[in-house]
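For reference, the structure discussed in these notes is given below.
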Amino acid sequence: MTKNAIILGTGSYLPENCVSNDDLSKRVDTSDEWIFTRSGIRNRHIASDDQATSDLALNAANKALNAAGVNADDLGGIIVATTTPDLTFPSTAAILQEKLGVTSQCMAFDVQAVCSGFVYALATANGFFKSGMSKPVLVIGAEKMSSILDWNDRTTCVLFGDGAGAVVLGASDDTNTGIISTHLHADGRHAEMLCTNGGASSNKQVGALTMQGKEVFKFAVAAMASAVVEALEENDMTPADIDWLVPHQANIRIIEATAKKLNMPMDQVVTTLENQGNTSAASIPLALDHAISNGDIKRGQTLLLEAMGGGFTWGSALIRY
Ligand code: UT7
């Protein structure tokens, strides 16, 4: 029987090491003023050498399971959205399953849609509930972006950070709550604008992130705006029906443009990038957990999640929390 996926609990984790713009200006030719005015970022957290993406995910997962009151062994599945997996294989989700001590043999797999990964993973999980999944599913966005940055490239290394955010979804018969809709898009014609210059089957390297910032910026503003409009139109809603916009955290100017499109004041927009940078697939669940933990997002409120990233990929999830 069709179920709706509801959020039972959230959790997040940021590595201890917080690196400021001033710290970076000792490494590359940049300044706090340039980074902050162009992006809205002041600090980012960087994982230690011995922390893999699954370790970041583990911390967030344990908090989310705790908040949800769910035992890891009772999960029906683990989905990790990441573009920085521990290994080429097995999946980070399978590695995480072992770290969580899960013995139930529930499904575990990764989703790769770069910065849109968490929205893609939520949509995937929602599909399982729509087709009858009754057990909770752990959905995580986790990234060690620092491992694919060229630390001599000032145009990219100042923008990204590491972290993980997790939600535990549960099954509900109430179709008026939980994930109301998801919309996913991709356009692979723009792949080279935001990519790594390495991969297992091309040059056997992990590669480093490269980005044509200005072009990505323009596409992101348009894609984020079209994603929110699509979500509202498909649900016969207006911006007034949305309590919180929870956008991917890449650049405050992109976020502000999307809020403007919705005519939504910035105090209804969750922003965490000032102290986290762009954590790719982790940014939305990190923002979600931040706003739920500090009491801003309350039960019953309507949330619009939206993301855009490499691929290009973009999409939205409309959730009644
Ligand atoms: O998460 C996936 C989606 N990603 C995004 O959405 C990111 C989208 N792009 C952006 O956020 C912005 O394009 C950036 C923040 C990356 C760049 O901002 P911009 O206003 O587009 O700057 P720009 O690339 O046009 O660079 C302007 C100048 C250049 O110098 P010239 O050629 O004008 O002399 C750059 O060389 O700023 C220079 N520059 C820097 N200067 C100091 C580039 N990076 C830096 C830096 N510090 N870190």
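Bear in mind that the values here come from a model prediction, so they are computed numbers and not experimental data. As the structure lists them, so they are numbered: ligands from 1, and atoms in each ligand from 1.
For atom 17 (C) of ligand 1, the closest non-hydrogen atom on the protein side is W34 CH2, 3.9 Å. With hydrogens left out, the protein atom closest to atom 11 (O) of ligand 1 is N251 ND2, 2.7 Å, a heavy atom. Protein heavy atom closest to atom 19 (P) of ligand 1, with residue, atom name and distance, is R38 NH1, 3.6 Å. Nearest non-hydrogen protein atom to atom 46 (C) of ligand 1 is T30 OG1, 3.3 Å. For atom 1 (O) of ligand 1, the closest non-hydrogen atom of the protein is N278 ND2, 2.7 Å. Among all non-hydrogen protein atoms, the one lying nearest atom 9 (N) of ligand 1 is G213 O, 3.1 Å. Of the protein's non-hydrogen atoms, the one nearest atom 18 (O) of ligand 1 is R253 NH2, 3.6 Å. With hydrogens left out, the protein atom closest to atom 2 (C) of ligand 1 is C115 SG, 3.5 Å, a heavy atom.
Between the side chains of E143 and T53, no donor-acceptor pair is found at a separation under 3.5 Å. For the 3.5 Å distance criterion, the side chains of D50 and S48 qualify, holding a donor opposite an acceptor. Donor-acceptor pairing under 3.5 Å is lacking for the side chains of H290 and Q276. With no hydrogens or angles considered, no side-chain donor-acceptor pair links N197 and T210 at under 3.5 Å.
Ring geometry, H185 versus W314: the interplanar angle falls under 30°, so the pair is classed parallel (tilted spans 30 to 60°).
Close approach of ligand 1 to L159 is summarised as follows: ligand atoms under 4.0 Å from at least one heavy atom of the residue are 16 (C). Contact atoms of ligand 1 toward L194: 2 (C) (distance under 4.0 Å to a heavy atom of the residue). Against a heavy-atom cut-off of under 4.0 Å, D29 is close to the following atoms of ligand 1: 42 (C), 47 (N).
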For T302 and D241, run side chain to side chain donor-acceptor pair (under 3.5 Å): C-alpha distance rounded to whole Å, both residues' side-chain angles, the deciding distance at 0.1 Å, then the answer.
CA-CA 7 Å; T302 303; D241 296 313; over 6 Å; no

Check the pair K260 / N263 against side-chain contact (heavy atoms from CB on, under 4.5 Å), numbers first and verdict last.
CA-CA 5 Å; K260 198 168 165 202; N263 223 352; over 6 Å; no

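In this structure, atom 4 (N) of ligand 1 has protein heavy atoms in its sub-4.0 angstrom surroundings. For atom 30 (O) of ligand 1, the nearest protein heavy atom is 4.0 Å or more away. Distances from atom 24 (O) of ligand 1 to the protein include no heavy-atom value under 4.0 Å. Taking a distance limit of 4.0 Å, we find that atom 34 (O) of ligand 1 is approached by no protein heavy atom.
In this structure, A164 and L286 approach most closely via the heavy-atom pair O-CD2, 3.5 Å. When all heavy atoms are compared, the tightest approach of T10 to A67 is O-CB, 3.6 Å.
No salt bridge links K144 with D86; every basic N to acidic carboxylate O contact stays at or beyond 4.0 Å.
Ligand 1 has no nitrogen or oxygen under 3.5 angstrom from a nitrogen or oxygen of S39. Polar contact check, M211 against ligand 1: no nitrogen or oxygen pair lies under 3.5 Å apart.
Two residues are said to be in side-chain contact when any heavy atoms from C-beta on lie closer than 4.5 Å; V167 and F118 meet this criterion.
The side chain of V158, and not its backbone, has at least one atom closer than 4.0 Å to an atom of ligand 1 (non-hydrogen atoms only; side chain from C-beta on).
Ranked by closest heavy atom to atom 21 (O) of ligand 1, the top entry among Q249, K214, R154 is K214. Of the options D153, T279, I254, the smallest heavy-atom separation from atom 6 (O) of ligand 1 is shown by I254.
Remark: distances from the non-hydrogen atoms of V114 to ligand 1 are all 4.0 Å or more.
The side chain to side chain donor-acceptor pair (under 3.5 Å) check on T155 picks up D153, with sequence neighbours excluded. Remark: N21 engages D32, R44 in a side chain to side chain donor-acceptor pair (under 3.5 Å) (not counting sequence neighbours).
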